[in-house]
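Heads up: the structure comes next, in structure tokens.
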Number of protein chains: 2
Amino acid sequence: MNIGDAAQLSGLPAKTIRYYEDIGLIEPLRSANGYRSFRETDLHKLTFLGRARSLGFTIDDCRTLLTLYRDRARASADVKHVAQDHLACIDRKIVELTEMRRTLSHLVEACAGDDRPDCPILADLAAVVPGQSCARQSN
Amino acid sequence: MNIGDAAQLSGLPAKTIRYYEDIGLIEPLRSANGYRSFRETDLHKLTFLGRARSLGFTIDDCRTLLTLYRDRARASADVKHVAQDHLACIDRKIVELTEMRRTLSHLVEACAGDDRPDCPILADLAAVVPGQSCARQSN
DNA sequence: CTTATGCTTCCAGTCATAGGAAGGTCAAGC
DNA sequence: GCTTGACCTTCCTATGACTGGAAGCATAAG
């Protein structure tokens with residue numbers, strides 16, 4: 001199976017698949033003509049990766065999960081641990097975004113949104129908040 | 001005022017401040033020795049930027065907001081528009097994350113988390129979902 | 001005079017790809 | 001046999017928003 005089919009079936013762009021090979025997540029065979037040749041197991045891994053990425057796992061998480069997946073003697077506790085860590089991370093992000101949303105929606109509501117030059121949004125953004133040293137984001 | 005003080009007062013790393021000058025968000029003066037010299041207005045802008053960034057506005061949003069901020073004849077409607085767009089974007093992210101959280105927490109709950117090799121998390125990640133062509137994320 | 005801190009510029013790296021150029025391969029149609 | 005077009009290859013560059021580090025001045029304290 002060539003990369004095009006693998007892309008179609010896994011739902012990942014060909015570019016991404018090549019990248020995943022580059023960083024050692026998959027190791028497809030090569031045909032005589034130099035084309036990548038994907039086996040069932042490769043496709044399986046790609047689908048796994050696509051799903052894990054769409055759930056927000058980092059590439060590094062994926063590497064760990066793939067190793068655990070291949071390891072028949074793994075403990076499910078290990079996997080659960082990775083997943084729980086990620087869940088906690090998601091929760092933090094949700095809290096952060098909700099906080100952001102609340103602040104911003106207050107500002108939007110307070111803004112008349114007409115032609116007058118006064119704007120509470122800008123006024124607030126410009127206000128020097130005294131103790132905001134930990135307001136920075138991890139992004 | 002040198003960059004160190006500006007960093008301290010604005011809460012932004014010096015590196016970030018230099019970067020902001022690089023991309024034209026601020027234009028501090030220069031002392032005779034070549035050091036950047038920050039005025040009140042520069043500090044004001046930096047604080048503005050730090051606050052806007054921590055609310056999740058992109059650098060491009062910040063550029064727009066700074067322009068609107070300097071322009072005394074601006075319409076608050078313009079600002080409101082930028083803010084509302086961003087609010088919608090935040091809402092989308094929250095929905096996405098909540099969805100993710102729900103799926104993942106189901107998986108975590110279903111996982112025994114012991115020494116047995118069976119793990120529903122891995123099983124689900126490996127499962128080929130039939131019509132998942134739009135599962136990919138914008139990141 | 002030394003030491004230490006602070007400032008400068010410039011170059012490279014991060015993450016997870018995406019875009020595109022230059023060129024080889026393959027199947028179909030004429 | 002030849003052309004066309006789709007598909008594949010590698011390699012290089014760009015993204016966003018910084019961060020890290022090296023090499024080299026400037027300045028203050030002891």
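In what follows, every chain begins at residue 1, and chains take the letters A, B, ... in the order their sequences are listed.
Side-chain N/O atoms of B/T16 include one lying less than 4.0 angstrom from OP1 or OP2 on D/dT19.
Atoms CZ (A/R53) and P (C/dA16) sit 5 Å apart, rounded to a whole Å. Rounded to whole angstrom, the span from the CZ atom of B/R18 across to the P atom of D/dA22 amounts to 15 Å. Atom C1' of nucleotide C/dT9 and atom CD1 of B/I3 are separated by 12 Å, given to the nearest angstrom. Spacing between atom CD of B/E21 and atom P of C/dT8 amounts to 8 Å, rounded to whole angstrom units. As rounded to whole Å, 13 Å separates atom C1' of D/dA17 from atom CG of B/D61. As rounded to whole Å, 16 Å separates atom P of D/dC7 from atom CZ of A/R36. Atom-to-atom, OH of B/Y35 to P of D/dG24 comes out at 16 Å; the value is rounded to the nearest Å. Straight-line distance from the CG atom of A/L12 to the P atom of C/dT17: 8 Å, rounded to whole Å.
Across all their heavy atoms, A/L46 and A/L12 have their closest contact at O-CD1, 3.5 Å.
Comparing atom distances between the B/N33 side chain and each of D/dT27, C/dT17, D/dC8 picks out D/dT27 as nearest. Of the candidates D/dC18, C/dA18, D/dT9, the closest approach to any side-chain atom of B/Y20 belongs to D/dC18.
Distance check, rounded to the nearest 0.5 Å: CG of A/L49 to NE2 of A/H44 gives 11.0 Å.
Ion pairing of B/E21 with B/R18 is absent here, as no side-chain N (NZ or NE/NH1/NH2) approaches a carboxylate O to less than 4.0 Å. A/D42 and A/R39 are joined by a salt bridge, as a carboxylate oxygen and a charged side-chain nitrogen come within less than 4.0 angstrom of each other.
For B/Y19 against D/dG16, no side-chain N or O and base N or O form a donor-acceptor pair under 3.5 Å.
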